[in-house]
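Comments concern the structure below.
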Amino acid sequence: MAIRVTAWGIHVPNTRIEELDDDSGLGPACQPERVGELLGRKGLLAKEPATRLALCAVHRALRLPPAGPRRERPPDPRTAVVASSNLGNVATVQRTVQTLRTQGLRSVSALDAPNVSSNVLASSVAIWFGLGGPNLMVCSGETSGLDAVALASTLLRAGRADRAIVVGAEPDDDIAQAVRAQRSGVMSGMGGPLRAGAAAVVLERESAVSTAPILGRVQTRTARACLPDATNVGLVVGPADQAKLPVPVIDLVWRIGDLYGALGVLQVAVAAKLVAAAPFDRCVAVLCGNPGDGWRSVVLHPGRADRQPALSGTVAAA
Amino acid sequence: MFIVGSAVRTCLGDGEATFTALLRGASGIGPLRYFDAGRLNVKYGYHIPNDGAEVSFSASQWLAACVYEALAQSGVDPKHERVTALVGTGLRELRAVERSTTECLPLYVERLHFASAVRQIAPDMADVITLSNACSAGGHALALAHDLIEQGEADAVVVAATDAMTESMLAMIGRFAEAPTAQIRPFDRHRAGVLLGEGAAAVVLSAEVRSGHPLARVLSTALSCDAYHETVPSAEGIWRAMQEALARGQRHASDVDLVVAHATGTALNDATEASLIGRAFPARQGRPLVTAIKGAVGHTSGSAALHSVDVGIRCLTTGLVPPIVGLSCPLDEGQALNLVIGKPSRASMQLACVNAFGFGGVNAVTLLEKAA
């Protein structure tokens with residue numbers, strides 16, 4: 001069964017690089033405090049920045065009109081949501097404790113109750129868009145974004161859903177920055193400042209959209225990352241110092257900053273856009289991870305029926 | 001699909017000690033440790049015994065112990081097989097984020113999730129994925145494990161879960177409690193809310209049995225999301241999960257002999273769940289028996305589903321079903337259920353249904369069958 005990437009949305013405020021234009025026609029990405037302009041204002045109270053950005057990325061991927069009325073309807077049980085974020089709620093967790101200790105329990109906001117549970121981002125997307133299929137929140141560190149893509153594919157292959165929306169988001173508040181900066185051992189000192197942003201991709205089982213890019217199997221690498229001999233790879237979206245192929249590399253961390261749990265999803269969104277854009281007719285490989293959390297990779301293939309590659313064995317092992 | 005290893009840590013001890021205590025009707029409740037109970041409006045908790053001060057990254061330590069024990073029991077060796085670990089959790093190691101501020105303790109961002117804790121025990125584990133799926137995280141991990149093995153992505157999967165308490169979650173529990181909750185009273189007319197329990201669990205899932213006997217068969221785990229409200233359950237979403245579990249497991253509602261309920265002792269969950277159990281599995285001739293464990297071990301968040309799975313396995317194996325600790329006067333919605341009250345029930349059982357529901361309306365319902 002082929003899994004296709006049928007849509008994508010990218011919402012990274014304060015950047016205008018071409019690769020991050022998701023072709024939604026919804027204009028530049030707004031800051032978390034202004035997302036009402038895109039989403040409509042009702043229901044945003046007490047939504048954390050990462051959740052707001054995630055909602056925007058999904059809104060873009062679904063090509064919904066700006067600030068249109070949200071449809072009241074029963075949840076769609078055949079659409080799954082798989083979200084990825086590591087730091088989305090750390091600010092709420094820490095602020096709740098500070099408020100408790102300095103101002104007392106009555107000053108703790110009851111509206112923050114859902115936000116102290118890390119899955120608030122995934123469930124908020126489901127509630128906002130009415131998506132009643134399996135709902136997963138992945139918090140796996142550096143590989144989290146591609147872990148989410150992998151698990152969404154698993155859900156689709158298992159017939160648990162016909163469509164899966166994968167969304168990754170991170171905030172860049174002071175608390176998230178401070179937590180992100182605290183790394184141990186070989187990882188200390190690595191990486192730049194956290195960058196707020198979100199991306200979403202829509203994955204579907206073999207669908208009517210027969211030209212959409214085909215997602216290969218997400219592969220795990222336990223050794224030093226490299227992508228040798230991958231069939232027909234024309235481009236790598238991943239860390240420049242790890243991509244060992246003689247092809248161009250788009251290093252999003254170098255270009256825009258550290259998106260941590262959102263990165264893998266953003267990479268797949270960018271790769272899907274590139275694969276779908278004629279006349280690019282080669283595969284795009286995606287790589288994310290680090291020596292501590294390990295490495296994950298996936299290859300996106302052109303979706304046109306006349307040149308579908310074999311899906312097995314197209315991603316070489318490290 | 002077989003469960004070939006299972007290990008548990010609760011306030012009552014390991015899996016066997018927990019089950020023995022449950023049969024006695026014992027509870028592991030005690031005064032809330034490590035936190036200012038007065039400030040939180042939460043006086044009690046279900047702590048894993050510890051004579052000393054609060055241990056940093058304790059959720060990781062309990063998890064590692066369970067993974068080690070379950071792997072050893074299973075005969076599965078990640079060095080020679082493709083083994084993935086899926087770790088379910090409600091609160092990750094967010095306690096470390098809190099203590100980094102309040103006590104200036106060290107925090108390592110890569111230890112908010114559980115890859116390093118699992119790899120410490122099993123360095124050859126192919127993938128370690130942390131699923132933060134609230135109070136049904138372990139059930140979600142179990143469903144995905146089933147799929148990964150069926151799809152040929154893994155030979156075996158370590159399905160694990162762990163949670164310590166966070167001050168921020170306790171604050172929310174205290175914030176909504178009119179008075180401090182004295183105990184969890186699942187399905188009781190006088191239930192007064194939830195309390196947290198510490199704990200971890202690990203089961204090893206595989207299509208093959210390596211050595212000895214399997215502990216149980218997993219027929220199915222169904223997943224659904226209410227897509228309704230962050231903290232209020234929806235009958236529709238839970239009903240879908242229950243029905244899908246039967247469909248995926250190819251069993252009829254009348255086949256279910258035992259329900260290990262989620263039963264958090266909260267007003268909304270218990271009324272909704274009791275109604276749905278009665279509707280999905282109508283009581284006839286004393287079946288299905290309905291039990292729940294949170295009155296004895298607390299709400300162990302991400303581990304709750306796997307704790308119930310371990311108890312479900314032991315019920316099927318021994319033919320004994322522990323009483324619901326904390327329940328004396330059933331709620332209206334539970335009047336028609338065969339709730340186990342006061343003392344254990346003895347029954348010959350083949351099929352158990354395990355419920356787990358979480359914040360955000362995330363539901364996981366598992367069907368376990370007695371191993372031949």
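Here is how names work: the chains are called A, B, and so on, in the same order as the sequence lines, proteins then strands, and each is numbered from 1.
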Of all residues at least two apart in sequence or in a different chain, which pass the side chain to side chain contact (heavy atoms under 4.5 Å, CB included) check with B/Lys79?
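B/Lys79 satisfies side chain to side chain contact (heavy atoms under 4.5 Å, CB included) with B/Asp77, B/Asp124 once adjacent residues are dropped.
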Salt-bridge criterion met for B/Asp36 and A/Arg101 (N-O under 4.0 Å):
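No, this pair does not count.
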Between A/Arg217 and B/Glu153, does at least one N-O distance fall below 4.0 Å, as a salt bridge requires?
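A salt bridge is present here (some side-chain N lies under 4.0 Å from a carboxylate O).
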Separation of [Y] [atom2] from [X] [atom1] (nearest 0.5 Å):
X        : Y        : atom1 : atom2 : result
B/Arg92  : A/Ser117 : CZ    : OG    : 9.5 Å
A/Arg157 : B/Leu148 : CZ    : CG    : 10.0 Å
B/Glu230 : A/Leu111 : CD    : CG    : 10.0 Å
B/Glu167 : A/Gln94  : CD    : CD    : 11.5 Å
A/Leu136 : B/Ser132 : CG    : OG    : 11.0 Å
A/Arg180 : B/Glu110 : CZ    : CD    : 9.0 Å

Quick one: of [options], who has the most non-hydrogen atom pairs under 4.5 Å with chain A?
options                                : value
B/Thr231, B/Asn363, B/Ile129, B/Leu170 : B/Ile129
B/Leu223, B/Asn133, B/Thr89, B/Leu144  : B/Asn133
B/Ala143, B/Ser136, B/Ser301           : B/Ala143
B/Ser100, B/Ala171, B/Ser168, B/Gly360 : B/Ser168

Which atom names give the shortest non-hydrogen contact between A/Arg160 and B/Ala222, and what distance separates them?
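Result for this residue pair: NH1-CA, 3.9 Å.
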Does any backbone or side-chain atom of [X] lie under 4.5 Å from a heavy atom of chain A? Answer side chain, backbone, both or neither.
X        : result
B/Phe359 : both
B/Phe114 : neither
B/Arg248 : side chain
B/Thr166 : neither
B/Asp226 : backbone
B/Gln151 : both
B/Thr84  : neither

Would a 4.5 Å heavy-atom cut-off, applied to side chains only, mark [X] and [Y] as touching?
X        : Y        : answer
B/Leu131 : A/Leu151 : yes
B/Thr102 : A/Val97  : yes
B/Leu112 : A/Asn86  : no
A/Val81  : B/Cys225 : no
A/Asn89  : B/Leu94  : yes
A/Asn119 : B/Val362 : yes
A/Asp293 : B/Val128 : no
A/Pro134 : B/His140 : no

Residue, of [options], that accumulates the most heavy atom pairs under 4.5 Å with chain B:
options                              : value
A/Asp76, A/Leu100, A/Val108, A/Leu87 : A/Leu100
A/Val138, A/Thr96, A/Val93           : A/Val93
A/Ser118, A/Ala126, A/Ser123         : A/Ser118
A/Ala80, A/Pro75, A/Ala158           : A/Ala158
A/Thr99, A/Val179, A/Leu155          : A/Val179
A/Gly141, A/Cys139, A/Ser144         : A/Cys139

Spell out the residues in residues 234-247 of chain B that have some non-hydrogen atom less than 4.5 Å away from a non-hydrogen atom of chain A, in order of number; otherwise answer 'none'.
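Near chain A, by residue number: B/Glu236, B/Arg240, B/Glu244.
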